[in-house]
Amino acid sequence: MPELPEVEVVRRGLARWVTGRTVAEAQVLHPRAVRRQVGGAADFAAQLVGRTLGAAERRGKYLWLPAGDGLAMLGHLGMSGQLLVQEPEQPDETHLRVRLRFTDGRRELRFVDQRTFGHLAVEEADPDGLPASLAHIARDPLDPLFDEQRFFTELRAKRTTVKRALLDQTLVSGVGNIYADEALWRSKLHYERPTATLTRPLAATLLGNAREVMTAALAVGGTSFDSLYVNVNGESGYFSRSLDAYGREGEPCYRCATPIRRAAWMNRSSYFCPRCQRLPRQRAA
DNA sequence: CTATGAACCTGACAGC
DNA sequence: TGCTGTCAGGTTCATA
């Protein structure tokens with residue numbers, strides 16, 4: 001469940017169902033799911049058993065469970081990862097990769113990931129509780145401590161285009177392909193607009209729109225096109241019906257009725273309105 | 001520093 | 001039915 005709203009839905013579920021519970025057993029059913037763990041699967045399990053987990057936290061698309069002694073269990077869902085809270089007697093999912101059993105014998109935590117682009121790891125955390133490998137990940141637009149000043153400065157300094165910048169997790173985290181296209185549509189910006197040409201008000205509009213669209217998506221449980229993107233209880237969100245650009249190739253723009261276009265871009269797709277989101281004419285150098 | 005492409009995987013779907 | 005090609009909410013690494 002990739003982007004910020006979907007990950008936040010999962011974080012809330014974990015906070016509700018896992019906080020304060022003690023790990024009795026950690027089973028790694030696929031080594032790729034813990035490939036970032038320096039000591040491998042055995043180390044991952046050994047680090048977790050006996051630990052009582054704190055309330056889940058999140059930065060961008062990453063989430064983690066404080067585990068005491070300056071450690072945290074970090075997770076990233078990649079393209080297809082799910083964290084599910086399941087009754088122990090529920091049959092194993094086809095792509096079950098990691099299972100945590102708890103000392104209370106009640107519902108277990110399962111990491112299910114079809115494509116195994118996601119991962120879990122136990123890591124040291126800094127004094128603020130942030131896992132070590134997230135030091136370079138920027139705060140996200142829903143974080144009260146998000147540094148707008150820094151965002152504007154770095155955005156203007158970048159020699160790149162605006163959608164690349166939105167997807168750059170060191171500049172602003174949590175935004176992925178769907179919400180980048182949605183924020184750009186709302187801002188009437190072309191995805192290949194050079195960041196150096198963005199005025200401060202335009203950049204502020206863009207950031208505000210990213211914040212608004214992700215907040216709206218979060219309010220309805222995130223975006224789910226299929227059963228891959230679900231909360232810890234396996235339920236889908238409803239934001240797919242509110243998308244203005246993403247996935248709407250050939251359908252009329254809600255502002256001007258021009259058909260939305262899909263363009264191949266960086267091994268993926270960009271959806272945009274060719275009329276509302278124009279590239280300003282290049283000036284000769 | 002920036003930019004591109006490929007790699008990592010599995011499954012769904014369209015078209016033949 | 002079954003094959004082939006394309007596509008998918010992400011990150012990282014290697015090469016220009």
Side-chain angles (χ1 to χ4, degrees), chain A residues 1-11 29-36 58-63 74-83 93-97 111-121 131 133-138 140 154-185 191-196 210 213-214 216-218 220-231 236-250 262-271:
Chain A
M1 262 237 215
E3 304 183 50
L4 185 154
E6 295 76 35
V7 178
E8 175 60 14
V9 166
V10 172
R11 187 202 65 77
L29 294 100
H30 193 313
R32 253 187 73 77
V34 295
R35 63 192 176 282
R36 307 270 291 265
R58 181 186 58 72
R59 174 170 290 193
K61 303 171 196 172
Y62 292 84
L63 44 76
L74 175 70
H76 193 288
L77 301 173
M79 289 287 270
S80 56
Q82 305 173 331
L83 283 164
E93 292 77 5
T94 306
H95 303 294
L96 178 62
R97 309 305 189 193
F111 180 58
V112 176
D113 190 359
Q114 176 193 108
R115 297 172 72 182
T116 58
F117 289 175
H119 73 277
L120 302 179
S133 65
L134 302 194
H136 66 294
I137 302 293
D140 58 67
E154 291 188 7
L155 186 71
R156 286 295 302 273
K158 288 242 175 221
R159 200 163 291 276
T160 187
T161 48
V162 64
K163 187 170 173 182
R164 297 186 103 92
L166 279 178
L167 297 183
D168 180 347
Q169 306 294 302
T170 68
L171 194 61
V172 51
S173 68
V175 182
N177 208 31
I178 289 183
Y179 298 109
D181 281 359
E182 293 299 304
L184 289 167
W185 183 87
Y191 60 99
E192 285 190 312
R193 171 95 172 231
T195 50
V213 71
M214 291 197 292
L218 177 56
V220 294
T223 300
S224 313
F225 296 125
D226 53 42
S227 57
L228 229 44
Y229 303 94
V230 295
N231 66 16
S236 292
Y238 297 101
F239 198 70
S240 59
R241 61 187 64 168
S242 303
L243 295 173
D244 292 315
Y246 189 87
R248 297 194 63 243
E249 181 180 20
R262 178 171 78 88
W265 180 83
M266 280 187 49
N267 287 332
R268 41 216 313 203
S269 297
S270 268
Y271 295 89

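Lettering of chains follows the sequences in order, A, B, ..., and the numbering in each one begins at 1. In this text, all values refer to a predicted model and were calculated from it rather than measured experimentally.
A distance of about 22 Å separates the P atoms of C:dT11 and B:dG11, rounded to the whole Å.
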For residues 237-245 of chain A, which side-chain N or O atoms pair as donor and acceptor with protein atoms under 3.5 Å away, sequence neighbours left out?
none

Would you sketch DNA chain C in dot-bracket for me? Only Watson-Crick or G-U wobble pairs with both distances under 3.5 Å count, crossing pairs as [ ], other-strand pairs as |, the rest as dots.
.|||||||.|||||||

Extract from the structure each pairing of a protein N or O with an N or O of nucleotides 4-8 of chain B at less than 3.5 Å, listing the distance.
| from | atom 1 | to | atom 2 | distance (Å) |
| --- | --- | --- | --- | --- |
| B:dT4 | OP2 | A:Arg164 | NH1 | 2.7 |
| B:dA6 | N7 | A:Asn267 | ND2 | 3.0 |
| B:dC8 | O3' | A:Arg32 | NH1 | 3.1 |

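Residue-level contact check: A:Arg36 touches the backbone only, with heavy atoms under 4.0 Å from sugar-phosphate atoms and none from bases. A:Phe225 comes within 4.0 angstrom of a nucleotide base, judged by non-hydrogen atoms across all strands.
Distances shown here put every side-chain N or O of A:His95 at or beyond 4.0 Å from the OP1 or OP2 atom of B:dT10. Contact annotation: A:Ser269 side-chain N/O to C:dA8 OP1/OP2 distance is under 4.0 Å. In this structure, A:Lys158 does not reach the B:dC1 phosphate: none of its side-chain N or O atoms is under 4.0 Å from OP1 or OP2.
Applying the ring pair (Phe, Tyr, Trp, His ring centres under 6.0 Å) criterion to A:Phe225, with sequence neighbours excluded, gives A:Tyr246. A:Ala210 is linked by a side-chain contact (heavy atoms from CB on, under 4.5 Å) to A:Ala183, counting only residues two or more places apart in sequence or in another chain. Residues passing the salt bridge (charged side-chain N to carboxylate O under 4.0 Å, His left out) test with A:Arg36, sequence neighbours excluded: none. Every residue meeting the salt bridge (charged side-chain N to carboxylate O under 4.0 Å, His left out) condition with A:Arg11, not counting sequence neighbours, appears here in chain and number order: A:Glu8. Here A:Phe117 pairs with nothing under the ring pair (Phe, Tyr, Trp, His ring centres under 6.0 Å) rule; sequence neighbours left out. Considering only residues two or more places apart in sequence or on other chains, A:Lys61 meets the salt bridge (charged side-chain N to carboxylate O under 4.0 Å, His left out) condition with none of them.
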